[in-house]
Amino acid sequence: MSIAKTYSPADVEAKWYQRWQEKGFFHAKPNPRKPAYSVVIPPPNVTGVLHMGHMLNNTIQDVLVRRARMQGKEACWVPGTDHASIATEAKVVALLQEKGINKKDLTREEFLTHAWDWKEKYGGIILEQLKKLGASCDWDRTRFTMEPELTDAVLRVFVDLYRKGQIYRGIRMVNWDPKGGTALSDEEVIPKDTMAKMYHLRYEVVISEQLSVVSAQGESDNQQLTTNNYLTVATSRPETIMADVAVAVNPNDPRYQHLIGQRVRIPLLGRDIPVISDEYVSIDFGTGALKVTPAHDLNDYELGLKHNLPVIDILNNDGTLNEKAQLYVGQDRFAARRNIVKDLEEAGLLDKVEEYASVLQTSERTGAVIEPRLSLQWFCKMDHMAKKALEVVENDEIKLHPPKFKNMYRAWMENVRDWCISRQLWWGQRIPAYYLPDGSFVVALNEEEALKLAREQSGNQNLEASDLRQDEDVLDTWFSSWLWPISVFDGFKDPDNADINYFYPTDDLVTAPEILFFWVARMIMAGLEYRKEVPFRNVYLTGIVRDAQGRKMSKSLGNSPDPLDLIAQYGADGVRTGMLFSSPAGNDLLYDVKLVEQGRNFTNKLWNAFRLTQGWEVDAALPFANGKAVEWFGAKLQATLAELDEHFEKFRMSDALMTVYKLVWDDFCSVYLEMVKPAYQAPIDAETLRHTTAYLETLLKLLHPFMPFITEEIWHELAERTDNDYLCVAAWPKPQPVAGATELLARMDKALDIVAGIRNIRNQKGLGPNKPLTLAAKTDDTQLLQDYDGILRKLGALTEINVVDAAPAAAVGFVSGGAEFFVPLEGQIDLGAEKERLSKELEYAQGFRDSVLKKLANEKFVQNAKADLVERERQKLADAEAKITALEQSLSAL
RNA sequence: GGGAGAUUAGCUCAGCUGGUUCAGAGCAUCUGCCUUACAAGCAGAGGGUCACUGGUUCGAACCCAGUAUCUCCCA
């Protein structure tokens, strides 16, 4: 036999992947004779390299797609990448920096040239890596979110939504990096734990006539806070008092009841501001009185909106104070802080200074302390779209797997805020808004159209393109990826094209829960808005891949294996199955190398099953000797097939894999092959081989979505295949009910239970697996012994099977079903141990009987429970009694 | 602070509509085997008060209430 003893994946994987591609199996096009099945890949960042999360996510997609393809659907998996504005721009900036080039010295166009160069060079790496995993994407359809066609889609949508009044400009608090002179996303902000100072400042209460008597009824320490008609306010940022527009207290705070509605005077500055009340203020933090500075704090900003307060912005872009501050103008915020503290102290307005633990937000890029800053941004209204997008999930038009995410989704959609879609970056789709010299603007697909609109709007026919200035900002990357399921089929440019009509809505989406809102929800919105149809039917949410200790995988921890190394070491099939063994939907996957080892071992097991059947010589003269085994495995296979399909329908991928795993390893290898395997170097009969090969082929089909490479390899080794006879496109087996299957399976289980009893005795008595034994059976079911005679002899290594009326002398016994079995073992019997074992079993059986009796004696049970349930209980009772009798006899025979 | 989910064997998880003594799977562990397909293997075995406390029910891992612990999301 020339087949290697262990399977070596490296030799076959590249070969088959190339063949599949050459054959065009992954390419899909509209085909009226077939049902469509489509999946769009969550486009990985162009900056990305394959990590464990991608491996899990794409393995799941590939399993779904390959199965669909085998089911005869026109399976289309659209791959592509995402331009990832922020990440990519940061990468390019860093790369330029290494070359000594500063972004600030470049024009927009120059910078973009560098960025495109970078994208061309590195942007496709991850897709190449996916091929190593076996991903059966339709590579002819590879898209990129910033390619011209998709950019066109983005701009069209922007213009359209703007014209529908869904897009507007508004004020928003951003993370401002005063050193870098740019806004940062939340992801670029690093929180640092620090000790900060809390300054207690005195705001003089402005006494008005109406107030005079009511005050000062609080407790002693409360009085302290307002003594001498001062309200003490605690703040960590005293330099911002010039931007104060109110002081807020909690309406339930007894200390300040009398001050609500009154006015206080800002220290040093002398401007009067109102005291307002809001539940937001926490009573125990600081002094319970909060200064409200809408321009420089997000929460204050919202408070300001709620209470209709003005906004005073006292900071310049570089973090220095502007004229609106009136004091310390031109000083840096930190210098101003030092100075104002000194001045407050001298004026006797600084009550005290406390230290407290706080979190300082700093810039990832410059290290500067982030300044929350109001800025003019573009927004997309969410309320209307969110409502519809919630509906389709609520009514299960789109199903989330697992369904627990529905709650999360609902919570978010009900509290959704308008979407800030502008970013102060260059890499991305530039916002198609054009400003006129008078500061007004028009929104248009291109400059030409913009000029036309601008002339109309201004009434000035002399306007020229050069008078218009396009918005400097680009759109949020999600503003292109939310169109992905439509734009990859060119559904915006050509809304009625054959591809989109055929493949949209897509079927399944596989992604991570973290982007359920950012991406999934918005795709649903876009789908409903532009196709009036949901973008997909099922959303499968994967977990996060963690290490064995439950920590996230990260570069800095160094706890993530390199996926390509893993594939090289364990084979793509081994890695794929390893990843799936322990990852129920929505649950995090605790990665352990043991998992891929298990996967690799499984491929090896399959390989050896194949090897075994290949080694058999056929003797055409031999009669069909394995009817029972063949019949049984046929029934088992069909039953499992139904179970497997059910798991797939419910998106239980791990369970589906485990089902096939056990079918192959336990039922096929450990049981079936052992039953039909001829003795060493003995030939096999043709009929058995034919069935066995057919079974193996069916198993290969079931395994193929999980382990595409090894199964394709064996498929071609098993037989000469015609041109397009690839497992990749073989028909997925349909479950076909086997007559009397339940009975067949139950009978074999009984026979196997007897085998287990024999093997157990071998183990206990230290007999080798091949030492010939005889079996004595005391049973009514002699038919079982006849039918399974060959199997019992082979698996039990028995030389004879005798039916007896009483236990033979000097034998070890066991009970199986309602019958007793004995293995005569001269001189090896430990009477005491035997007795103890039987007594134990008897005790258990009696307990069982008693519990059933008790149940049946309960009138309410008999009345209330379903009839068949009661009937089953009666049957149980009968079985138990038979067993007890058998055991009692055995005991007395000892 | 608000919300959601979880808690079952050493680990990761199943357990559908409450009904077999229902407590299960894989891995890990232990014992014995190099039995010519596979030691990346074979055959067996052990292991759990279903987080806790009450309640509903003829019957609860499952339903209800409370408690504890953990995770995630939002602020």
If we ignore hydrogens and angles and just use 3.5 Å, is the side chain of [X] paired with the main-chain N or O of [Y] as donor and acceptor?
X	Y	value
A:D300	A:T293	yes
A:N760	A:A756	no
A:R600	A:G574	no

Say you pick atom [atom1] in [N] and the same atom in [M]; how far apart are they, in whole Å?
N	M	atom1	answer
B:rA43	B:rC58	P	48 Å
B:rA65	B:rG26	C1'	36 Å
B:rC13	B:rU71	P	14 Å
B:rC63	B:rG19	C1'	14 Å
B:rC22	B:rG18	C1'	12 Å
B:rU8	B:rU69	C1'	16 Å
B:rG66	B:rA25	C1'	33 Å
B:rG48	B:rA6	P	26 Å

Please determine whether a side-chain nitrogen or oxygen atom of [X] lies at a distance below 4.0 Å from atom OP1 or OP2 of [N].
X	N	answer
A:R652	B:rG15	yes
A:Y661	B:rC27	yes
A:W665	B:rC42	yes
A:K406	B:rG5	no
A:N604	B:rG41	no
A:T6	B:rC38	no
A:N415	B:rC74	no

Atom pair CH2 (A:W419) and CZ (A:R522), whose distance is rounded to the nearest 0.5 Å
4.5 Å
Base, sugar-phosphate, or nothing: which does [X] touch, judged by heavy atoms less than 4.0 Å apart?
X	answer
A:A411	nothing
A:E674	base
A:K5	sugar-phosphate
A:F581	nothing
A:S670	sugar-phosphate

Rounded off to whole Å, could you give me the [atom1]-to-[atom2] distance for the [X] and [N] pair?
X	N	atom1	atom2	answer
A:Q764	B:rC33	CD	C1'	16 Å
A:E643	B:rG15	CD	P	13 Å
A:M653	B:rA14	CE	P	15 Å
A:M658	B:rG24	CE	P	17 Å
A:M408	B:rC72	CE	C1'	7 Å
A:L773	B:rU35	CG	C1'	14 Å
A:D278	B:rG1	CG	C1'	14 Å
A:N763	B:rU31	CG	P	13 Å

Using only heavy-atom distances, decide whether a donor-acceptor pair under 3.5 angstrom links the side-chain of A:K605 to the base of B:rC38.
yes
Is it the case that B:rA43 (base atoms only) and A:R762 (side chain only) share a donor and an acceptor within less than 3.5 Å, ignoring hydrogens and angles?
no
Look at atom [atom1] of [X] and say whether more than 12 heavy atoms of other residues, nucleotides or ligands are closer to it than 6.0 Å.
X	atom1	value
A:E649	CD	yes
A:K399	NZ	no
A:K794	NZ	yes

Salt bridge present between [X] and [Y] (N-O < 4.0 angstrom):
X	Y	value
A:D278	A:K306	yes
A:K650	A:D655	no
A:E394	A:R410	yes

Any strand counts, and the cut-off is 3.5 Å on both contacts for Watson-Crick or G-U wobble. Which nucleotide pairs with [N]?
N	answer
B:rU20	none
B:rA14	none
B:rU35	none
B:rU69	B:rA6
B:rG44	B:rC30

Between A:A756 and A:N601, which has a closest nucleotide on RNA chain B that is more 5'?
A:N601
On RNA chain B, check which nucleotide each of A:Q598 and A:K650 is closest to and give me the residue with the more 5' one.
A:K650
Please enumerate all protein N or O atoms sitting under 3.5 Å from an N or O of nucleotides 7-12 of chain B, with distances to 0.1 Å.
from, atom 1, to, atom 2, distance (Å)
B:rU12, O2', A:S582, OG, 2.5

Determine, step by step, whether A:R417 and A:E302 satisfy the salt bridge (Lys or Arg N to Asp or Glu O under 4.0 Å) criterion, reporting the C-alpha distance in whole Å, the side-chain angles of both residues, the deciding distance to 0.1 Å, and the verdict.
CA-CA 13 Å; A:R417 295 160 63 166; A:E302 308 234 311; 3.3 Å; yes
Nearest to the side chain of [X] - [options]?
X	options	answer
A:R600	B:rU35, B:rA40, B:rA43	B:rA40
A:D655	B:rG26, B:rA14, B:rA37	B:rA14
A:K677	B:rC27, B:rA37, B:rC16	B:rA37
A:N407	B:rG5, B:rA37, B:rA25	B:rG5
A:P769	B:rG26, B:rC27, B:rU35	B:rU35

Syn or anti for B:rU20, with syn set at within 90° of 0?
anti
